[in-house]
Every structure is written in C-alpha cells, then in structure tokens.
Participant: 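Take a look at the following structure, please.
Residue numbers run from 1 in the order of the sequence given. Only this structure's heavy atoms are used, side chains among them; waters, hydrogens and symmetry mates stay out.
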Amino acid sequence: MPNQPIPSTPEPYWRESAELPSFPKLQQSLETEAVIVGGGITGITAAYLLAKEGVKVVLLEADVLLNGTTGHTTAKITTQHDLIYDELMHHIGEEKTKKYFRANDEALAFMRDYAANVSCDFSNQDAYIYTTENKNVTKLEKEYKAYVKLDADCAMADTLPFDLSIKSAIMIRNQAQFHPISYLNQMVQELQEMGAEIYEHTVAVDAEAFDGGAKVITRDGSHIKAKHAISCSHFPFYDGNGFYFTRMYAERSYVLGVKTRQPYPGGMYLSADNPTRSIRATPMNGEDLILIGGDSHKTGQGFDTEKHYESLELFGKVHLGLKETVYKWSAQDLITLDKIPYVGPVTKGKPSILAATGYRKWGMTNGTAAAMMIRDLVLEKENPYQDVFCPSRFIADPSIKTFLSQNLNVAGHLIGGKLDFGSRKKIEELRDDEGALVTHKGQKAAAYKDQQGCLHLVDSTCTHLGCEVEWNHGDRSWDCPCHGSRFSIDGDVMEGPADKPLKKLNTDEA
Ligand SMILES: Cc1cc2nc3c(=O)[nH]c(=O)nc-3n(C[C@H](O)[C@H](O)[C@H](O)COP(=O)(O)OP(=O)(O)OC[C@H]3O[C@@H](n4cnc5c(N)ncnc54)[C@H](O)[C@@H]3O)c2cc1C
Ligand code: FES
C-alpha cells in the first residue's frame, strides 16, 4: 500500500473514538462544598473521589470535558517517568524520592482497580526506557540503582523487539495503558449519578479566599461559593501570589497514530535520548494503532511544527515498519522547577484554595495521585505525600539554576520579541495557509492567510503577561513561548494561563 500523507487536521484518536455527554454553561451563582475548575484527569478524578465521600461538588470546564492535555496524551500509566529517580535521590533524598514513587505507584493501583469494571482498553504492560547512545548508558545504570532502592520490579535489558539497536534499557514490570477518555467517561457518568453538577463553556477567571471558604468567579460574573476551590485547570487559573508563571514552563510534544507492516510486540517504550521517542499500541477496530510520540520543545519555540510530525514518521518508517499514518496530534504539559508537581494550597496563607499542576508529561499517575491528595486535604485527612508535592515546599539549589535559565529564556521573549521588528514579514508576502509575525500600521501583529486566501489578523502580544506569540503551523495556532498560552487564528484562547483573547485587528486596512 502506498504511504498516505500525514493527516492535515490534528485530532487525537481518543476523542474520535469515544462519545462524551455534553453539559450546559453555568448561568447563575451557586453555593456548594467543593468547586473544581478543569475537566481533565485531575479535575474529574478529584470530583469523583470527593463525591464518593459525600462531598457536594461543582465541576467547571472552560471548553468541553477532556479536550485539554488529557484528551491528547499517550496515556501510559507508569511510574517510569523518564530518567528521574537518580536525580531526585540526589536533590531531595531517598525518603522523599520513595514518597514520589509510592504516590504514583498507588495511583497506578487505584487506576487498575477502577478500570477493572470499565471498558477502556486497559492492559498491563512492561515499560522500558532505553538508549541508543553510549553517552547515556551510565545514566541508565544510575537510574537502575535508584529503581533497586525503590524496590521497583525491574530488570536491565540489552535488546528491544524492534529494528532498533540499543545500548541499554531498563524494564519495569506490570505497568499499564488505557483509553483515557473511556476511563474518565465512566467517572463522569458516576459523578452525574451521585448528583455532582458539571458545567462546560464556563471559564473561571478569579478566586477569592475568605474565612472558612473560597469562591470562584466566572467570566460571565457568576460566583460559586464553597468550602474549597480547587484549580485543576492545568496552568492554575488563579495565581494568588504563588508566582506559578515564574516556577513552571510548558513543553510541547507530538504524537502520530500509525499502522505498521509487522504486528506490535507489546510493551511501552521511551528513549532517554534527544529527541525523545515514546511508543505504545492501542487496539483499534481489531487491529493495533501504534502511537509514536516525542520531539518535545518549549511551547512557542518549535519553529516549523510540521517537521516534528515528519521526524516521528521517519522514525516509524525506519524502526517500526510504518505503512500508514492515520492520526496526528500535539499537546503540552507543564514542568516545575524541581520536576515534582505542585499539589496543595495555592499559597501558604490560602488553605481553602488548592491547586494541582506541573506533571512533566506524567499526568496519568501524577494527576490521579494529585486527586487523591486533594480529597485528603478537603477531608482534612493526613496524606503521607503532601510534604513532597506541596507547592510552597523548599526547593533545593540545583533547580534554582533551572529556574534562572528558564526565566532568562522567558525574559528574552518578553524583551526580544517586542524589539524584533526587522525580521517580520510583510502581509502581502504571505502565501495561502501561512502564518507569520508581521508589521501592520507600525504595530506588531500576528497574521495568518488561510487556505482560501482570507487574512486573519490579531495583536501578537500575549494577553497573559505580554510576551510575543509564535506561529505553530502544525496546529494552526499562535503559541506563547513564555508560559504556554495558545490562541486560535482569530485570537480565541485555546489554552491558558491567558484568559483573554488576542485583540482582533482590522484586516480592511491591511
Ligand atoms: C503529548 C503528550 C503525551 C503525554 N503522554 C503521557 C503518558 O503517556 N502518560 C502520562 O502519565 N502522562 C502523559 N502526558 C501528561 C498528561 O497527559 C498530562 O499531565 C495530564 O493529562 C494533565 O491533566 P490535567 O487534568 O492537569 O490537565 P488537562 O487535561 O489539560 O485539563 C485541564 C482542563 O482545565 C480546563 N481549564 C483551563 N483553564 C480553565 C479555566 N480558567 N476555567 C475553566 N476550565 C479551565 C481546560 O480546558 C482543560 O480541559 C502527556 C502529555 C503530553 C503533552
Ligand atoms: S503565557 Fe504568559 S505571557 Fe504568554
């Protein structure tokens, strides 16, 4: 069969293959016990766990449920989070590293139990991290030693069942994979049965803490009063002087769903090399759909994004016998200073406003672990992992270096972006289906000429904190390199932290 071109519209397999109920927009103010903002794995699992405990829950979603990062994940459920444990042992010590591991391992066990009664293509799989480069062999050996200290069920390996020559690999047994939307859809149904209120198309724009509670304010001016307000909005919708925008950055990755000539051997794979490669399969109409992920970069700094899909496709052809690409999609996740998520009170003085974010592309277990911590915080129950994940924890020195380099990079985009008028295109130079930063009436602007030659022109200043957006051709979106906000060709917010659209500019005068 001749190779098909990579599909032009990015759409994840998960969203195309599952049907979700829809929910109304919130039209009035409400009072409840817990108001949760964000309908991804964290928000839905937290809502489910709280409702199970008899807590009255309201869940707000800006768009539709499960169309954020959770709808665009590769959905490996594993404690093998890239190379992390040796590094954590050095930075936070063995005891806290064990806590990070156990929190995720318990989340995996919870998901396995829950999935036992849900039709969600859940299957147990071994997870491998491998390297094809000599220079990374020592890193893997150190990681293996850390696994042994963690009592992980693991082994070293020197081959993989692909046409891929590796130098070394570590396998961790009895991990899992699933269809994330089918799994979470079951929780949504149970939430409805338990009387939880769910609202879509409802954007939370602010929160306030008061004595004994908190309230969330929506863009339309509704107020939801509760004992706890919980941000599960990926980037926290409310900062509360936690300065999250200085403590996290967003990284984008790409995924292809492909068919291959040879049968898939089973297992989940991740390379420790650069660029990263992530591989797993999922059942699709009686055959295997192989997911190939990777090519990560800081959001807004990926340049020609189509190239990322092409490099994944090339990898698939060379090593996996790729014969047809049927899906492509991309998404981003947030990375914290010390690579451990922030879960707990948004700031020290505001115990009634909780936040959960920063999963570093390991949000299936981390998001579930966060939901379990949120449940315990709301119920005022002790949780053994809170100290490791608490957003106001002390951060050890090595990550401060990361903090400085990440923020210098962000500052570069704030300052450099504004001054860099010279390299801008002229609007009349744009070809059909091309986006670029342009100069329009002496002002910086973001212009996209669509496939029909129609011009879409918006202000290029991100409405979060004023960085310059960059064109993402793979997704036809404007992405902000500073904290990962994303906007449509007409400036509408696709992903926060920005909650206001880019200003539309008059195309008649262009
Ligand atoms: C390409 C890719 C592959 C990945 N693969 C894996 C993997 O194999 N295994 C793994 O463990 N992890 C993986 N991850 C990470 C994982 O998918 C994420 O960490 C996780 O899905 C994040 O879940 P969340 O609930 O925090 O956020 P989301 O799923 O993004 O949900 C947040 C929701 O909040 C809503 N929202 C935002 N702002 C507001 C507001 N102001 N008001 C109301 N609602 C709002 C959004 O619309 C969204 O629906 C991957 C990530 C990427 C990018
Ligand atoms: S996302 Fe923060 S400035 Fe754009």
Participant: Report the C-alpha separation of K139 and T131 in whole Å, then their side-chain angles, then the decisive distance to 0.1 Å, and conclude whether the side-chain hydrogen bond (donor to acceptor under 3.5 Å, both in side chains) test is met.
Facilitator: CA-CA 9 Å; K139 286 189 194 162; T131 180; over 6 Å; no
Participant: Mind checking whether Y100 and F389 have parallel, tilted or perpendicular rings, split at 30° and 60°?
Facilitator: parallel
Participant: Is E200 close to L60 at the side-chain level, that is, under 4.5 Å between some pair of heavy atoms?
Facilitator: no
Participant: Can you tell if the side chain of S460 reaches within under 4.5 Å of the side chain of V438, non-hydrogen atoms only?
Facilitator: no
Participant: Quick one: does S168's side chain get under 4.5 Å of M156's, heavy atoms only?
Facilitator: yes
Participant: According to the interplanar angle, ranging from 0 to 90°, do the rings of F315 and H319 count as parallel (below 30°), tilted (30 to 60°) or perpendicular (above 60°)?
Facilitator: tilted
Participant: Quick one: closest heavy-atom pair of G491 and F487, and the distance?
Facilitator: O-CD2, 3.4 Å
Participant: Can you see which heavy atom on H440 is nearest to which on N506, and at what distance?
Facilitator: NE2-O, 3.8 Å
Participant: Roughly how far apart are I170 CD1 and L83 CG, rounded to 0.5 Å?
Facilitator: 6.5 Å
Participant: What distance do R173 atom CZ and M171 atom CE have between them, rounded to the nearest 0.5 Å?
Facilitator: 4.5 Å
Participant: Do the charged groups of K339 and D82 touch, with an N to O distance under 4.0 Å?
Facilitator: no
Participant: Below 4.0 angstrom, N of the basic side chain to O of the carboxylate: do K135 and E133 qualify?
Facilitator: yes
Participant: Using a strict SG to SG cutoff of under 2.5 Å, would you count C480 and C462 as disulfide-linked?
Facilitator: no
Participant: CG/D492 to NZ/K504 distance, rounded to the nearest 0.5 angstrom?
Facilitator: 5.5 Å
Participant: Please check if the side chain of T463 supplies one atom and the backbone of K500 the other of a donor-acceptor pair under 3.5 Å.
Facilitator: yes
Participant: Do D158 and K167 touch side chain to side chain, with heavy atoms closer than 4.5 Å?
Facilitator: no
Participant: Between D459 and T461, does the side-chain hydrogen bond (donor to acceptor under 3.5 Å, both in side chains) criterion hold? Intermediate values first, please.
Facilitator: CA-CA 6 Å; D459 191 325; T461 308; 3.0 Å; yes
Participant: Measure centre to centre between the rings of Y114 and Y183, then say whether the value is under 6.0 Å.
Facilitator: yes
Participant: Using side-chain hydrogen bond (donor to acceptor under 3.5 Å, both in side chains), reason through S330 and H308 one step at a time and then give a plain yes or no.
Facilitator: CA-CA 10 Å; S330 73; H308 298 291; over 6 Å; no
Participant: Where do M248 and P236 come nearest, in terms of heavy atoms and distance?
Facilitator: CE-CD, 3.7 Å
Participant: Is T73 reaching over with its side chain to a backbone N or O of A75, donor-acceptor style, under 3.5 angstrom?
Facilitator: yes
Participant: With K328 as reference, evaluate E306, E310, E11 under the salt bridge (charged side-chain N to carboxylate O under 4.0 Å, His left out) test and give the passing residue.
Facilitator: E306
Participant: Between D288 (side chain) and I290 (backbone), is there a donor-acceptor pair under 3.5 Å?
Facilitator: no
Participant: Using only atom types and a distance under 3.5 Å, with no angle test, would you say the side chain of E143 pairs donor to acceptor with the backbone of I84?
Facilitator: yes
Participant: Atom CD1 of I44 and atom CG of L184: how far apart are they, to the nearest 0.5 Å?
Facilitator: 5.0 Å
Participant: Within a strict 4.5 Å, meaning less than it, do heavy atoms of the I427 and L457 side chains meet?
Facilitator: yes
Participant: So D433 and Q451, side chain to side chain contact (heavy atoms under 4.5 Å, CB included) or not? Walk me through it.
Facilitator: CA-CA 5 Å; D433 195 25; Q451 277 148 347; 3.6 Å; yes
Participant: Have a look at Y327 and tell me which of W14, Y309, Y13 forms a ring-ring contact (aromatic ring centres under 6.0 Å, His included) with it.
Facilitator: Y13
Participant: Which one of R15, M494, E61 satisfies the side-chain contact (heavy atoms from CB on, under 4.5 Å) criterion with N67?
Facilitator: R15
Participant: Under 3.5 Å, side chain of Q177 to main-chain N/O of A281, donor-acceptor pair present?
Facilitator: yes
Participant: So that I can tick it off, tell me whether R486 and D479 are bridged by a salt bridge, with the cut-off set at under 4.0 angstrom between side-chain N and carboxylate O.
Facilitator: yes
Participant: Go through the steps for K361 and S296 under the test side chain to side chain contact (heavy atoms under 4.5 Å, CB included), then give the verdict.
Facilitator: CA-CA 10 Å; K361 300 196 194 139; S296 308; 3.0 Å; yes
Participant: Hey, does the side chain of R280 reach the backbone of Q125 with a donor-acceptor pair shorter than 3.5 angstrom?
Facilitator: no
Participant: Between F245 and H464, how do the two ring planes meet: parallel, tilted or perpendicular, split at 30° and 60°?
Facilitator: perpendicular
Participant: Okay, side chain of D239, backbone of Y244: is any donor-acceptor separation there less than 3.5 Å?
Facilitator: yes
Participant: Apply the test side chain to side chain contact (heavy atoms under 4.5 Å, CB included) to residues E16 and V326: give CA-CA distance (whole Å), side-chain angles for both, the deciding distance (0.1 Å), then the verdict.
Facilitator: CA-CA 12 Å; E16 270 204 7; V326 274; over 6 Å; no
Participant: When you look at H473 and Y448, which way does the ring pair (Phe, Tyr, Trp, His ring centres under 6.0 Å) test go after all the steps?
Facilitator: CA-CA 10 Å; H473 191 66; Y448 170 63; 7.4 Å; no
Participant: Taking the side chain as every heavy atom from C-beta outward, state whether E434 and E429 have any atom pair closer than 4.5 Å.
Facilitator: no
Participant: Over 60° means perpendicular and under 30° means parallel, so tell me whether F101 and Y85 are parallel, tilted or perpendicular.
Facilitator: perpendicular
Participant: For a side-chain hydrogen bond (donor to acceptor under 3.5 Å, both in side chains) with Y359, tell me which candidate from T365, T69, T336, T42 qualifies.
Facilitator: T42
Participant: Nearest heavy-atom pair of V346 and P391: which atoms, and what distance?
Facilitator: O-CB, 4.4 Å
Participant: Taking side chain as C-beta onward, heavy atoms only, is E313 less than 4.5 Å from L256?
Facilitator: yes
Participant: What distance do R247 atom CZ and T357 atom OG1 have between them, rounded to the nearest 0.5 Å?
Facilitator: 10.0 Å
Participant: Which atoms form the tightest heavy-atom contact between R261 and L322, and what is the distance?
Facilitator: NH2-O, 3.6 Å
Participant: Only one of V37, L65, V188 forms a side-chain contact (heavy atoms from CB on, under 4.5 Å) with L59, so which one is it?
Facilitator: L65
Participant: Kindly say whether N124 contributes a backbone atom to a donor-acceptor pair with the side chain of R112 at under 3.5 angstrom?
Facilitator: no
Participant: Would V258 and L320 count as a side chain to side chain contact (heavy atoms under 4.5 Å, CB included) if you check the C-alpha gap in whole Å, the side-chain angles of each, and the deciding distance to 0.1 Å?
Facilitator: CA-CA 10 Å; V258 310; L320 307 176; 5.7 Å; no
Participant: T368 versus I77: any side-chain heavy-atom pair under 4.5 Å?
Facilitator: no
Participant: Quick check: does any side chain N or O of R476 sit under 3.5 Å from a backbone N or O of I489, one acting as donor and the other as acceptor?
Facilitator: no
Participant: Would you check if the side chain of R219 reaches a backbone N or O of D499 as a donor-acceptor pair within less than 3.5 Å?
Facilitator: yes
Participant: Just verifying a value: how many Å separate L291 CG and L312 CG, rounded to the nearest 0.5 Å?
Facilitator: 11.0 Å
Participant: Tell me the closest heavy-atom pair linking S488 and W478, and the distance in Å.
Facilitator: O-CD1, 3.6 Å
Participant: Does atom CD (E19) have a neighbourhood of more than 12 heavy atoms from anything else shown, all under 6.0 Å?
Facilitator: no
